[in-house]
Participant: 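Pasting a structure below so you can have a look.
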Amino acid sequence: MSIVKQIQSAVINSLSSNFEGIFTDKDFQINQTKPEFEGDYTIVLFSLVKSLKKSPDEIGNELGKLLLKNYPELFSSFNIIKGFLNLIITDEYWITLLQKKHNDICFGKHAMNGKKVMVEYSSPNTNKPLHLGHLRNNFLGWSVAEILKANGYEVLKSCIVNDRGIHICKSMIAWELFANGATPATTNTKGDHFVGEYYVKFNDEYKKQVGELKASGMNEADAEKNAPIMLQTQQMLQDWEAGKPEVIELWKMMNGWVYEGFDITYKMIGTDFDKSYYESETYLLGKDIVQEGLDKKVFFKKEDGSVWIDLTADGLDEKLVLRKDGTSVYITQDIGLAKQKYDQYKIDESIYVIGDEQNYHMKVLKLIAQKLGFPYANDIYHLSYGMVELPTGKMKSREGTVVDADDIVDEMISTAQNHTEALGKVKDFTAEELNILYKTIGLGAMKFYLLRVDPKKKMIFNPEESIDFHGFTGPFIQYTYARIKSILRKEKLFNPEDKHLTLLTLEKEVLFNLEQFPQIIIEAGKELSPATLANYLFHLAKTFNSFYTEHSIANAETNEKKSLRLQLANMTSIVLSSGMQLLGIQMPERM
RNA sequence: GGUCUGGUAGCUCAGCUGGAUAGAGCAUCAGCCUUCUAAGCUGAGGGUCAUUGGUUCGAAUCCAAUCCAGAUCACCA
């Protein structure tokens, strides 16, 4: 049980035994004591004043004495300042915790809770390579999945691949027109980049043709509709839907190139999935549900045959769920896929990691599921994250202002290499060890950078300023870990005979932070926020570094102190490493 | 126009279920490597928590209004 919970129940018991009434944890607040006061945890007394009809100081005094008397193993002393009861936890409590947990690699992980959850993330399009925004999505989704596992959930990571539609046909047409049979192999290009180039070529040609039509006197809207390359593309989409063999073959070949490219990127950044859905296989889903909705009168049909849902009562608009020609739209297949996921895996919760530009769409999806009375409707959760923008504004693939995922990862890794070489600490590493180290540090910096901020906030990325390796960063935490490991390679953990020890301020501070780890995992799980965890890990590393510079571990004053500090260092390394693991960040043994 | 986000130090961000003098990192300045890795540590300067009003013993945090920025409201996905 966490220390805060123990304090909570101790306070509740003491209040109940001494005062009239029933008390719960809602009646008072427990905070960490501010550094300028003496104490570890603070009870805020003001909220009790009314019900107990006493002054804060009186309550604090009575409560403090009771706590000390009834829980001598927990509290060693107290003081009251201006209505705040500051409690000092006994050194024995912290030392016992350290002795029990200092080598527990499962510290912070929670027991299985029997719940199953699916986390869908990544959702790439197969017409262009992944960019910086995808990286945020991937890191977030992967990390949230791991955090939920640590909270005891059974987690399925899933991915919906956007592998069909007009945008895919654009790349295909451009390839037919301009490639002359070139392939990734003949041009020595990564498959997804290769296909992406033809997507760009499409847009160039399209723009050119629209310009020509306008020059010949056509208005803009008609020009956009009648550009030959656009007409060809639309024809291709129809051919694809009709299953025309040569179109399907081309589609399969080009998607195959893209998948080869994606596999390389995913492997590089450490992303994986338990289940991949392909839109080409799911886009017809949901049509039967539309009929069901019509029968239930949740949906209605307009004169032209299109099917709608009226959400004006919920503050939204009317939304189309089936076109007049009977084909499905985006939301139709999402309704179908939501149901399929639930039926197939009996999941208790379905989390969608999707950008905040789709807030409206996801709201509609959930509302429709609710109105149709689906049992899983309330368990659909949209983890909405903000866009990654450049100082100049949004990234636009058509304008070539996209920060490519592979490029930025490569850049981070070579920056890591430069930093490492400049420091010259690992000259004895083999070439392969060095490559692993550069990758560990570069990717660690990248992931930490994207995960340390609140997911729902949009973030600005400046490609001119390289991502830092100092301060609130991944490498800072990795470095703290490597320093600990360096000591632990030379000095082994041991258990001296139990002796009464007192803790120095910094020793206690580190322990104080370590104790919170399980609670932080719970919080991060509840909020679906890797940022919570990242902030905690940074704070822990920072506290440890202060301790490290101030006190020697190997040359501690006594044997007992040396053992205690070794245990402290060991436990810190375990918490840092399992915490970073949940963010998808590896830890180097040396750096 | 409707709906939804966000606005905290020069920059990037914590803090938001109300609590003590609002915290980090970067950048700037001043110190610390003959002792466990200086990718580190210690210190300084830097704030009208967008604005105004309200609720309260107490508001960056809750409520209302206003201003600013962004997203979205497609028979695109």
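Letters A, B, ... are given to chains in the order of the sequence lines, protein chains preceding strands, and every chain is numbered from 1. Keep in mind that the numbers below use all heavy atoms, side chains included, and drop hydrogens, waters and symmetry copies.
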Participant: Rounded to whole angstroms, how far apart are CZ on Arg565(A) and P on C36(B)?
Facilitator: 15 Å
Participant: Should we say atom NZ of Lys492(A) is surrounded by more than 12 heavy atoms from elsewhere, each under 6.0 Å from it?
Facilitator: yes
Participant: Which of these nucleotides, C36(B), C41(B), U37(B), is closest to any side-chain atom of Ser546(A)?
Facilitator: C41(B)
Participant: Using atom names, set out every protein N or O paired with an N or O of nucleotides 14-16 of chain B below 3.5 Å, distance rounded to 0.1 Å.
Facilitator:
residue : atom : partner   : partner atom : Å
A14(B)  : OP1  : Asp454(A) : N            : 2.8
A14(B)  : OP2  : Lys457(A) : NZ           : 2.8

Participant: Could you go over nucleotides 68-70 of chain B and give all protein N or O partners under 3.5 Å, atom names and distances?
Facilitator:
none

Participant: Using atom C1' of each nucleotide, how far apart are G2(B) and C11(B) to the nearest Å?
Facilitator: 35 Å
Participant: For Glu433(A), check side chain to side chain donor-acceptor pair (under 3.5 Å) against everything at least two apart and list the hits.
Facilitator: Thr430(A)
Participant: Near RNA chain B, under 4.0 Å by heavy atom, which residues of residues 316-326 of chain A?
Facilitator: Asp317(A), Leu320(A), Arg323(A), Lys324(A)
Participant: Please enumerate all residues that pass side chain to side chain donor-acceptor pair (under 3.5 Å) together with Tyr385(A), with sequence neighbours excluded.
Facilitator: Asn137(A)
Participant: Give me the one residue out of Glu560(A), Glu550(A), Glu507(A) that meets salt bridge (charged side-chain N to carboxylate O under 4.0 Å, His left out) with Arg565(A).
Facilitator: Glu507(A)
Participant: Tyr479(A) near the nucleic acid: base, sugar-phosphate alone, or nothing, with a heavy-atom cut-off under 4.0 Å?
Facilitator: base
Participant: Apply salt bridge (charged side-chain N to carboxylate O under 4.0 Å, His left out) to Glu357(A) and list each qualifying residue two or more places apart in sequence or on a separate chain.
Facilitator: Lys394(A)
Participant: Could you work out, with side chain to side chain donor-acceptor pair (under 3.5 Å) as the rule, every residue matching Glu389(A), not counting sequence neighbours?
Facilitator: none
Participant: Using the ring pair (Phe, Tyr, Trp, His ring centres under 6.0 Å) criterion, which residues pair with Phe139(A)? Sequence neighbours excluded.
Facilitator: none
Participant: Hey, is Phe46(A) doing a stacking thing with G19(B), by the 5.5 Å centroid and 30° angle criteria?
Facilitator: yes
Participant: For Ser486(A), which contact category applies under a 4.0 Å heavy-atom criterion: base, sugar-phosphate, or nothing?
Facilitator: base
Participant: Let's test your reading of the pairing rules: Watson-Crick or G-U wobble, both distances under 3.5 Å, then write RNA chain B as a dot-bracket string with ( ), [ ], | and dots.
Facilitator: (((((((..((((.....[...)))).(((((.......))))).....(((((..]....))))))))))))....
Participant: Tabulate protein N/O versus nucleotide N/O from nucleotides 30-33 of chain B, keeping only pairs under 3.5 Å, one per line.
Facilitator:
none

Participant: Looking only at side-chain atoms of Asp468(A), point me to the closest of C26(B), U21(B), G6(B).
Facilitator: C26(B)
Participant: Sequence neighbours excluded, which residues qualify as salt bridge (charged side-chain N to carboxylate O under 4.0 Å, His left out) partners of Asp428(A)?
Facilitator: Arg590(A)
Participant: Test of understanding: with side chain to side chain donor-acceptor pair (under 3.5 Å), list the residues that count as partners of Gln567(A), not counting sequence neighbours.
Facilitator: Asn495(A)
Participant: Considering every strand and a 4.0 Å limit on heavy-atom distances, what is the contact class for Gln333(A): base, sugar-phosphate, or nothing?
Facilitator: sugar-phosphate
